[in-house]
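On a predicted model such as this, the values are computed, not experimentally measured, just so you know. In what follows, chains are A, B, ... by sequence order, proteins preceding strands, each numbered from 1.
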2 protein chains.
Amino acid sequence: MSVMTTTLAHPERDEIRITTVLQALADPVRLQIVRALAMHEEGLSCGVLPLGVTASTLTHHVRTLREAGVVRVRPQGTSRISSLRRDDLDALFPGLLDGVLAARR
Amino acid sequence: MSVMTTTLAHPERDEIRITTVLQALADPVRLQIVRALAMHEEGLSCGVLPLGVTASTLTHHVRTLREAGVVRVRPQGTSRISSLRRDDLDALFPGLLDGVLAARR
DNA sequence: GCTTTTGTTCGACGGGGATCGTACTACGGC
DNA sequence: GCCGTAGTACGATCCCCGTCGAACAAAAGC
């Protein structure tokens with residue numbers, strides 16, 4: 001336990017706010033991340049995505065999504081696997097995620 | 001029939017972008033406006049809403065919503081009647097609006 | 001015509017956020 | 001133990017946006 005198992009902070013379902021979620025989704029890069037995660041139920045390391053931003057910027061975006069309650073992040077080796085919190089989002093805002101993902105542009 | 005009575009600029013349905021819509025919705029005041037409009041199919045003058053912002057700020061918010069394609073605004077006397085572009089939004093992003101409006105907070 | 005009501009425009013201000021580079025940490029492989 | 005890979009932390013920068021007040025515009029009513 002000497003090691004601070006800093007499991008990354010995630011908001012509980014009832015702590016997720018619609019405004020925060022919308023703010024998180026209202027960015028092109030983060031929206032691209034969400035789209036990619038929607039196609040990988042098992043989750044994936046966002047570092048592999050061709051987003052055109054630096055690593056530190058990517059960290060910022062993933063943290064924003066995590067703190068908003070949009071994604072769940074779990075450490076795995078030197079990587080961090082992100083996955084969409086579909087169940088929570090669908091329960092709180094039914095249709096929102098589907099609507100966003102249905103957008104053609 | 002292209003009538004020139006369009007005083008205010010509104011994006012066509014196919015010009016509406018998901019990122020812009022999300023940015024428009026990602027503000028507490030504007031979200032409150034959208035919620036109010038959702039309860040008034042016929043539209044209403046946003047000036048009557050108890051939003052706690054000045055008139056000029058309200059103008060800014062309504063313009064943001066209009067330019068994003070979220071609301072339609074029509075002049076009526078000295079007032080401007082705003083109404084939700086439900087049909088367009090539902091067609092483009094089915095479920096998004098319902099999901100947002102379903103949010104308890 | 002004058003006033004009131006409603007809303008717009010403009011400029012200014014302040015805060016937040018998207019971005020980056022650099023330095024740093026953690027884990028895995030050799 | 002060393003190194004490479006993946007990601008984080010921190011500070012700096014820049015720009016956008018929400019906010020306001022003051023001045024203006026337009027329509028309605030008297």
Within residues 17-31 of chain B or reaching into it, pairs that qualify as salt bridge (Lys or Arg N to Asp or Glu O under 4.0 Å) - sequence neighbours excluded: none
Under-3.5 Å N/O pairs linking protein and nucleotides 24-30 of chain D:
none

Spacing of Ile81(A) atom CD1 relative to dG7(D) atom C1', expressed in whole Å: 12 Å
The complete set of salt bridge (Lys or Arg N to Asp or Glu O under 4.0 Å) pairs with one or both residues in residues 46-57 of chain A, sequence neighbours excluded, reads none
Are side-chain heavy atoms of Val100(B) and Val34(B) found at a separation under 4.5 Å? no
Does anything in residues 45-56 of chain A form a side-chain hydrogen bond (donor to acceptor under 3.5 Å, both in side chains)? List the pairs, not counting sequence neighbours. Thr54(A)-Ser56(A), Thr54(A)-Thr57(A)
All side chain to side chain donor-acceptor pair (under 3.5 Å) counterparts of His60(A), not counting sequence neighbours: none
Nucleotide by nucleotide, nucleotides 8-23 of chain C touches protein heavy atoms under 4.0 Å in the pattern (B base, S sugar-phosphate only, - none) BB--------SBBB--
Taking 4.0 angstrom as the limit, do Asp98(A) and Arg86(A) come out as a salt bridge? yes
Of all residues at least two apart in sequence or in a different chain, which pass the side chain to side chain contact (heavy atoms under 4.5 Å, CB included) check with Arg35(B)? Ile18(A), Leu31(B), Leu101(B), Ala103(B)
Does Leu84(B) reach the side chain of His40(B), with side-chain heavy atoms less than 4.5 Å apart? no
Using side chain to side chain contact (heavy atoms under 4.5 Å, CB included) as the criterion, list what pairs up with Ala102(B), not counting sequence neighbours. Pro94(A)
Specify the residues of residues 35-49 of chain A, ordered by number, for which at least one heavy atom lies under 4.0 angstrom from an atom of DNA chain D. Ser45(A), Gly47(A)
Could you give the CG-to-C1' distance, from Leu51(B) to dC20(D), as a whole number of Å? 16 Å
Can you sort out the partners of Ala26(A) under side chain to side chain contact (heavy atoms under 4.5 Å, CB included), two or more places apart, ordered by chain and number? Leu22(B), Gln23(B), Ala26(B)
Are any non-hydrogen side-chain atoms of Ile33(A) and Leu58(A) less than 4.5 angstrom apart? yes
Just the atom pairs and distances: protein N or O near nucleotides 11-16 of chain D's N or O, under 3.5 Å.
none

List the residues meeting side chain to side chain contact (heavy atoms under 4.5 Å, CB included) with Arg72(A), not counting sequence neighbours, and say none if there are none. His10(A), Ser83(A), Arg85(A), Asp88(A)
Over 12 foreign heavy atoms within 6.0 Å of CD, Glu15(B): yes
